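The structure that follows is given in the form of structure tokens.
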2 protein chains.
Amino acid sequence: MAPRADLGSAQAPTSAVTSRDGGDLLLDVLREWGADHFFGCPGSTEVPILDACVGRDTPRFVLVPHEGVAVAAADGYARATGRPGVVTLHANVGLANAVSHAHAARMSRVPVVLLNIIKQRSILSHGAFTVAPDHQEMVEQYTKWAWTTLRAEELREDLDEAFRLALQPPCGPVYLGIPQDVLEQPATNEAGSIYPRTVKPARCDSRPAADAVAVAADLLAGCRFPLIVAGGAAAPPDAFPLVQELAQVLGAGVCCENRVSLDYNGYPTHDAHYLGPYAPAHPAVPEADVILAVGTRLFVEFLPPTQPWVPPGVQLIHLHDEAKDIGRLYPPAVALMGSIALGLADLLDALRSGTDLSPETRQRRDETVTRLRSARAERVSAELAAIATTHPIKVGRLMQALGAVATEQTTFVVDAATSHDQAVDYLPRPDGMSFHAAATSGNLGWGMGAALGIKLGAPGRSVVAVLGDGVFMFGMPALWVAARHSLPVVFVVINNGMYAAVKAGLLRRNGRAAAAGAFPGTDISGVDHVLTARGLGVDGVRVSDPEELEGVLALAVAAGRPFLVEVMIDPDDVGSLKR
Amino acid sequence: MAPRADLGSAQAPTSAVTSRDGGDLLLDVLREWGADHFFGCPGSTEVPILDACVGRDTPRFVLVPHEGVAVAAADGYARATGRPGVVTLHANVGLANAVSHAHAARMSRVPVVLLNIIKQRSILSHGAFTVAPDHQEMVEQYTKWAWTTLRAEELREDLDEAFRLALQPPCGPVYLGIPQDVLEQPATNEAGSIYPRTVKPARCDSRPAADAVAVAADLLAGCRFPLIVAGGAAAPPDAFPLVQELAQVLGAGVCCENRVSLDYNGYPTHDAHYLGPYAPAHPAVPEADVILAVGTRLFVEFLPPTQPWVPPGVQLIHLHDEAKDIGRLYPPAVALMGSIALGLADLLDALRSGTDLSPETRQRRDETVTRLRSARAERVSAELAAIATTHPIKVGRLMQALGAVATEQTTFVVDAATSHDQAVDYLPRPDGMSFHAAATSGNLGWGMGAALGIKLGAPGRSVVAVLGDGVFMFGMPALWVAARHSLPVVFVVINNGMYAAVKAGLLRRNGRAAAAGAFPGTDISGVDHVLTARGLGVDGVRVSDPEELEGVLALAVAAGRPFLVEVMIDPDDVGSLKR
């Protein structure tokens, strides 16, 4: 881009930066690794990167005016594209605000690349402005790799290593600190490395051992009733249909993970084998003598459990791609360690080449699935019928309405602590992109940023963010980004005016608060979410009447612009205390 | 509080928690250490504490719906009261959101006590919900002490130790992780400790060595012109008037710290010896042959310096209470290590008992001060005259108007990156509570929470928060708290629609952005701050006309309720690029 002569004299004399420097190099590396967008809330240390953006279309910098929301946006972008979600951070203060959602990316195994531009090397030891004693330490435990570039000569190598490790399965966040002055140096090291460059990680897929697969196949074929727990790691397109095929071949029931584990949808909820979220009290559990867990941690615990989640006597088969999670709390009868998709394919091969199920076995299993599925349908149906027109609106009624306006292309981004149970129970999820959450992290506020990133990465999806009103307080800057970029995300705010999870905890405790009917630390009422959103540039409406829900939500989805729907929810609807 | 029988049956059968437990104990310890308020954004782990709040007036839990804002509020409360600012956090996710302002409390040496209620010990090793691999590590480098209570038996001892260390000068944040189940156990350890209890730290004040004081006094008395740099550690009431007295006795000039160091006001700006913020280019520096730095770090660097900030040949005397900061970059001719107030008193004694200044010396120094002060007054006056009626409003004009409506009881809480220079230059600061900032940290968003805490801790002060529009995005939840508690804080938002610090950086770089007049990553325009505040329960107005500034600000200050003034500022006013 040519300098504009008429602007040159007052504040900008002829450019002093003409040569290619570390900022240019960084943007090139981003583009080569497929990061077409990157996110950040910049400060002065990122100036070399921003300057390098002038005159470039790709990668495109998306200003997100809070680092936490920026990390969530990068997380969503990576989930939608399978490519790296990159965030540039401003020194230790930017990093501090990023820690929360770095944790979320770690738990959900998302390839988020945190590039933290720290102060110049000459003053890093001085306790200078925005210099931490140890910036890496803040986030090290939540990353696969944390490093700091020491010289301009290693900048490209360090960036490549960050991207390689983020993207190598199991994916996850990485951290690279880059001193500002390293970015300001000429990019002289581009041709000189003795190591060949790569812009994708080496394929390191492993398959479970064949003998273990054979034992698993025999167990699954020969047992009374196999129950599959389809985890989030079964959500990618290469694995997703294989679980379905396996359930079909086996006549198995399938549960998804529960609300504190379900980060991705690993099984279609419309499938004839689907039985709802797993729990030790699920009616399918006593039927099962074999449980096949596919791509899940077994288990993320919210409370100390009062009974084993895999009942004694049940044979557990655990297919997963992280050895550390296999046998952690529930030692499996058969461990299948390796790629989820390859493990599923091997299991299917072994089953196909083995003896078919006997007609009696198939009939018994099919009847079991049908019976369990009918019971579930009746339960859900009764629950929803009981609250169809209740004032104020119940959480379940909202989830029903959201389901009613969803299509095959809807992606629900759920961030709503207490309402998460009902979201998992009721929302339709046809494919691996139907549902995203950072449930295993437990942070608030991820959903609003993630929805932006998913929409940017998958413009064809209809993105509906389902948000608690507590969550809203953590994600408000996302509304401004949606407005600025005209991103047609629907933000649905569950306004119950309270921290329902805390009220539920006080009721579980059954102490003085429960006795007095007074619940300190729970009342967050009084926010007008529609007005707040308007202040940030996003239009919206408030709904109090259950009869209006589907109509308003359908209009919001069709609006073609960012839109907020504030749903006034019964504050006494705090979910099941026992869950 | 007696259980309410009519509420007992539906959700709350007769209380199961009747005995005194860890939650009660924790609140008692808070009260004993003087924490009448404490702050937090609770989750279910804090339930034992919240339950113990039922039926108690003190300490009072203030729900702040974002942990970052809660830490800033605790910080402000501690600054205003001198008592501990306590935050209860929800596990690692709450802690993650607190890291940013824990750093601020560390830099500004504020006794903030972070109590993080983590999950039950029985599931902590399981990778349970909201469990970090190492929660202490996230914040260890920003605290004076970080520990985790291992058993109920040590809860009181650990709490006492946290408070003792936070409050022992130099003050600073401490961290204590407490497993939820420890709080749920009976408080059985209350009488049993073999260690005597204390509810205040032992006095550990030290005085600088007498011979060093004598040398310093001789240097100060005998030099041509002494310049005092009065740092934030001179702000407490026991030190504040002593610097003034010292300047008087010596005929010295006095500078405050600059915008990246000024967290507290260490010198009255109306005093006849005050010469404005210190900088190597300050006209007082060439006059000085001795610099006495009192309670300051010397220096917090924003950019790599191009010249020494203490010129060669100048004799430096450094009085400070942290040995690690004395001689770090600028070795002093005389080091005075010890309590600031005691060191000042000793210096004054030594000067009084020594030879008086000769009439010639006094006259020369007085003339130098008068000349420098006049030059400064003329400069400020000319700068303000030039922008008195400029449209759009300039930052300096706003600072002038804020000064005009201030009284002796006004506390400015400043959090406004690029405008910070002019705030320091122009705002009147009569005492040690006139000005608060977290300048040395560089975080955004601290000011909105801190203003709440200062108002709660010092209800007699008129609290005016001066905020960048970038800052606003990080602190919005504070507005809801102000509304909920009817806290009459005035929130002044400097709406220049941009990250001026980043634009300034791009201009300093003088690269492609400067040449093209295009500044990526800087435009944050489009927010209606008044509407957003209304959504969160706080009324406000927008001001675009410089002639209306004083009138509107005076009304806001007199309103007796939380109020937001959005001031439309010239986006091209990005401060001095050279500073």
Side-chain angles (χ1 to χ4, degrees), chain A residues 1 3-4 7 11-12 15-17 42 44 47 50-51 53-54 61 63 65-66 93 96-97 99-100 120 122-123 126 128-130 133-134 141 260 300-302 304 442-443 473 476-477 501-502 505-507 509-518 520-521 524 526 528 531-532 534-535 537, chain B residues 1 3-4 7 11-12 15-17 42 44 47 50-51 53-54 61 63 65-66 93 96-97 99-100 120 122-123 126 128-130 133-134 141 260 300-302 304 442-443 473 476-477 501-502 505-507 509-518 520-521 524 526 528 531-532 534-535 537:
Chain A
M1 181 176 287
R4 282 172 55 188
L7 274 168
Q11 293 185 303
S15 170
V17 181
S44 55
V47 154
L50 298 171
D51 207 41
C53 287
V54 175
F61 178 68
L63 192 167
H66 190 295
V93 294
N97 293 321
V99 173
S100 175
Q120 293 88 347
S122 61
I123 57 173
H126 295 185
F129 189 69
T130 65
D134 186 347
Q141 64 185 307
V260 294
V300 175
E301 295 172 329
F302 180 77
N443 309 45
M473 282 284 182
M476 290 183 274
V502 179
L506 285 163
L507 289 169
R509 175 174 165 92
N510 192 23
R512 289 174 222 156
I524 55 166
D528 185 327
L531 205 56
T532 308
R534 281 202 190 122
Chain B
M1 180 178 285
R4 283 172 55 189
L7 274 167
Q11 294 187 303
S15 169
V17 181
S44 55
V47 154
L50 299 172
D51 207 40
C53 287
V54 175
F61 178 68
L63 192 166
H66 191 294
V93 294
N97 293 320
V99 174
S100 175
Q120 293 88 348
S122 61
I123 57 174
H126 295 184
F129 189 68
T130 66
D134 186 348
Q141 65 184 304
V260 294
V300 176
E301 295 172 327
F302 181 77
N443 309 47
M473 283 282 182
M476 290 183 274
V502 179
L506 286 162
L507 288 169
R509 177 175 163 91
N510 192 22
R512 289 173 222 159
I524 55 165
D528 185 327
L531 205 57
T532 307
R534 281 200 191 122

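Please read all numbers here as calculations on a predicted model, not as lab measurements. All chains are named by letter (A, B, ...) in the order of the sequence lines, taking the proteins before the strands, and each is independently numbered beginning at 1.
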Minimum heavy-atom distance A:Pro520-B:Leu50, with the two atoms named: CG-O, 3.4 Å
Who passes side chain to side chain contact (heavy atoms under 4.5 Å, CB included) against B:Ile123, sequence neighbours left out? A:Glu301, A:Pro304, A:Pro305, B:Lys119, B:Gln120, B:His126, B:Ala128
Heavy-atom pairs under 4.5 Å with chain B are the metric here; pick the option from A:Leu506, A:Thr130, A:Val260 that has the most. A:Leu506
All heavy atoms of A:Val502 vs all of B:Val47, minimum pair found to be O-CG2, 3.8 Å
Under 4.5 Å heavy-atom distance to chain A, tell me which part of B:Leu531 shows up: side chain, backbone, both or neither. both
For A:Arg509 and B:Asp51, work out which heavy atoms get closest and say how close. NE-OD2, 2.7 Å
Non-hydrogen atoms of A:Ser100 and B:Val93 that approach each other most closely: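 It is OG-O, 4.5 Å.
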Please round to the nearest 0.5 Å and tell me the distance separating atom CE of B:Met476 and atom NE2 of A:His66. 8.5 Å
How far apart are the closest heavy atoms of A:Pro65 and B:Met473, and which atoms are they?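 Result for this residue pair: O-CB, 3.6 Å.
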Check whether B:Ser122 gets within reach of chain A through its side chain, its backbone, both or neither, counting any heavy atom under 4.5 Å. side chain
Indicate the atoms forming the closest heavy-atom contact of A:Phe302 with B:Ser44, along with that distance. CZ-OG, 3.6 Å
